[in-house]
Protein chains: 2
Amino acid sequence: MSKKIQKRDAEVSKALIISSAIELFSQKGYASTSMDELSKLCGLNKAMVFYYFKNKKGLYEAVMSQVLNEIQKSILKENQKHSKPIDELESFIYTYAKFACSHPYLPALLLKELSDSGAIMPEKLFSSMRELFALFSDILKRGEEKGCFQDSIPMVLYFMVIGTLNLMVTTKPLRDKASQKDDIVVDTCANCDIDEIADYIIKKIEQMLKDNK
Amino acid sequence: MSKKIQKRDAEVSKALIISSAIELFSQKGYASTSMDELSKLCGLNKAMVFYYFKNKKGLYEAVMSQVLNEIQKSILKENQKHSKPIDELESFIYTYAKFACSHPYLPALLLKELSDSGAIMPEKLFSSMRELFALFSDILKRGEEKGCFQDSIPMVLYFMVIGTLNLMVTTKPLRDKASQKDDIVVDTCANCDIDEIADYIIKKIEQMLKDNK
DNA sequence: TATAATCAACTAAATAGTTAATTAGTCAGG
DNA sequence: CCTGACTAATTAACTATTTAGTTGATTATA
């Protein structure tokens, strides 16, 4: 019953702005997103954006912080259900894959951010990213101590996992388009679903971590 | 001696514009690169850019086509020195790694392009990218036929290789910064050089392609 | 009635692209 | 070896549009 069909509500307005901003920033990037277009999309006056988020950069920070928090929470929650490093690793990869697929703005935003070395990266976002990597890194380290993983360079493996997943998501339209061409014949996995891909990555990462004798 | 200290030369001017454009596009992205800034950087009048490249998009196409051609030529040239799939695969990864490291604009431009699903991707660039992947894919296929590779999904493996290498290059400054922090302790490979990384990736990719029994 | 939320209308700067004039190089004919 | 005409390269100054951000008034609500 509460909240008689939303009239004036700061929280609702803020959320509206953020969700529209997620859409635009992830599709067009930071620079190509105009505050006029954003205000039209969310149906509020442009001044509201500056009223709540001070300026464009402030809005971007709010967007990134929300998006990173979402994925971090998802992964941490799933992680707590497991205790063996190998299960944790699988859970990490699988959860990230699922999330990235159902929230495709995440890979788009992350890759954009990483491709210009955090030119506009706010400190908070930087911390979140390090925390996420720290968890991954820790899983591998504990696995090595227990003897179930060998020869890991966490940073490289991390990029193998999230780099690949992010690219598989963001390039979906391109891969579809490529599969329809017949001048160069390649299998671009246009019909693979995310579960297959995640399973394959999990299998291969585990194979990499086995003793290579 | 020739060319008495370069005065009026279309080719020189075009090259000047392109190399400045590579710098700006790769650092700031397409949208954030202004033609005024570009003209200042290359020391030519802004109208020259439009005289030679018609418009901003035309310049971008010229830039991307040159960059993609460079890497393609490098890889093809090295590829021809080998005949066994395993050597070809190593050569592909190693050459890409070396090139990406010495021409860091390539990873930046590529990741930006892939992160928005080719929103501004010209047809020619799309072809080049498919050709490069086709070579990689073909190496794996021939390897499988000969029995030296097993269980490959070329698209995923391709992104594992170039995704990881591109990210290792573009995130260098971020990884350096992270390694100086001590609130969250992680090894970000801040001191790894590209050869180590390439060797590790080669080793791991080969391990993945071994029979998993 | 006080305050928080909303808006229309504005500003100043930056932007991609244009135009018309001006150079500099080339090359044929004297 | 000039000269002048032709062309290609270059320029300054301009336009029209878009941009982030502001302001001061106006609502709604508690």
Side-chain angles (χ1 to χ4, degrees), chain A residues 1-64 112 116 119-122, chain B residues 1-64 112 116 119-122:
Chain A
M1 215 97 310
S2 67
K3 295 270 171 65
K4 49 248 136 172
I5 45 164
Q6 187 242 320
K7 273 220 148 169
R8 272 174 174 224
D9 187 324
E11 291 314 307
V12 171
S13 296
K14 268 197 252 181
L16 248 171
I17 293 171
I18 289 213
S19 71
S20 308
I22 287 180
E23 195 177 324
L24 292 181
F25 282 144
S26 67
Q27 274 167 23
K28 335 179 56 149
Y30 180 79
S32 296
T33 294
S34 100
M35 305 305 261
D36 285 276
E37 195 186 356
L38 170 70
S39 61
K40 256 169 227 150
L41 181 64
C42 69
L44 290 169
N45 189 280
K46 186 168 62 141
M48 295 307 289
V49 181
F50 296 91
Y51 179 62
Y52 287 121
F53 299 98
K54 190 178 175 201
N55 53 28
K56 190 178 181 182
K57 207 180 161 193
L59 173 62
Y60 180 75
E61 291 191 18
V63 161
M64 292 308 281
K112 280 182 221 300
D116 45 56
I120 42 171
M121 185 179 306
Chain B
M1 218 94 304
S2 67
K3 294 269 172 63
K4 49 250 134 171
I5 44 162
Q6 185 242 322
K7 273 221 149 170
R8 276 177 169 219
D9 188 323
E11 292 314 308
V12 170
S13 296
K14 266 197 253 183
L16 247 171
I17 293 172
I18 290 214
S19 71
S20 308
I22 287 181
E23 195 177 324
L24 291 181
F25 282 144
S26 67
Q27 273 167 22
K28 336 179 55 148
Y30 181 79
S32 296
T33 294
S34 102
M35 305 305 262
D36 285 276
E37 194 187 356
L38 170 70
S39 61
K40 256 168 230 151
L41 181 64
C42 69
L44 290 169
N45 190 280
K46 183 166 65 138
M48 296 306 288
V49 181
F50 296 91
Y51 179 64
Y52 287 122
F53 300 97
K54 191 179 174 199
N55 52 29
K56 191 178 179 181
K57 207 180 159 193
L59 173 62
Y60 180 75
E61 292 191 18
V63 161
M64 291 307 280
K112 280 182 220 300
D116 48 55
I120 43 171
M121 185 181 304

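Below, chain A is the first sequence line, B the second, and so on; all start at residue 1. Both backbone and side-chain heavy atoms feed into the values below; hydrogens, waters and symmetry mates do not. These numbers come from a predicted model, not from an experiment.
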Interatomic distance, CG@Asn45(B) vs OG@Ser13(B), rounded to 0.5 Å, equals 11.0 Å
Item to check | Phosphate-side-chain proximity, Tyr51(A) and dT6(C), N/O vs OP1/OP2 below 4.0 Å | outcome: no
Please table the atom pairs, donor to acceptor, closer than 3.5 Å between any side-chain atom in residues 52-64 of chain B and protein atoms at least two apart or in another chain.
| unit_1 | atom_1 | unit_2 | atom_2 | d |
| --- | --- | --- | --- | --- |
| Asn55(B) | OD1 | Lys57(B) | N | 3.4 |
| Asn55(B) | OD1 | Gly58(B) | N | 2.9 |
| Lys56(B) | NZ | Tyr30(B) | O | 3.0 |
| Lys56(B) | NZ | Thr33(B) | O | 2.9 |
| Tyr60(B) | OH | Glu113(B) | OE1 | 2.2 |

query = Going through the checks in order, is the side chain to side chain contact (heavy atoms under 4.5 Å, CB included) test met by Gln27(B) and Asp116(A)?
reply = CA-CA 6 Å; Gln27(B) 273 167 22; Asp116(A) 45 56; over 6 Å; no
*Has Ser13(B) got a side-chain N or O lying under 4.0 Å from the OP1 or OP2 atom of dT10(D)?*
yes
### Task
Remember a base hit wins even if backbone is also touched, and classify Phe53(A) as base, sugar-phosphate or nothing at under 4.0 Å, heavy atoms.
nothing
For nucleotides 15-24 of chain C, 5' to 3', base contacts (B), sugar-phosphate-only contacts (S) and non-contacts (-) with protein non-hydrogen atoms under 4.0 Å give SBBBB---BB
Go through the steps for Leu44(B) and Ser39(B) under the test side chain to side chain contact (heavy atoms under 4.5 Å, CB included), then give the verdict.
-> CA-CA 5 Å; Leu44(B) 290 169; Ser39(B) 61; 5.8 Å; no
Leu44(B) atom CG is separated from dA8(D) atom C1', nearest whole Å, by 15 Å
Worksheet item: Has the side chain of Ser26(B) got a donor or acceptor atom that lies under 3.5 Å from a matching backbone atom of Glu23(B)?
Response: yes
Taken to the nearest whole Å, CE/Met48(B) to C1'/dA8(D) is 9 Å
The complete set of salt bridge (Lys or Arg N to Asp or Glu O under 4.0 Å) pairs with one or both residues in residues 29-50 of chain A, sequence neighbours excluded, reads Lys28(A)-Glu37(A), Asp36(A)-Lys46(A)
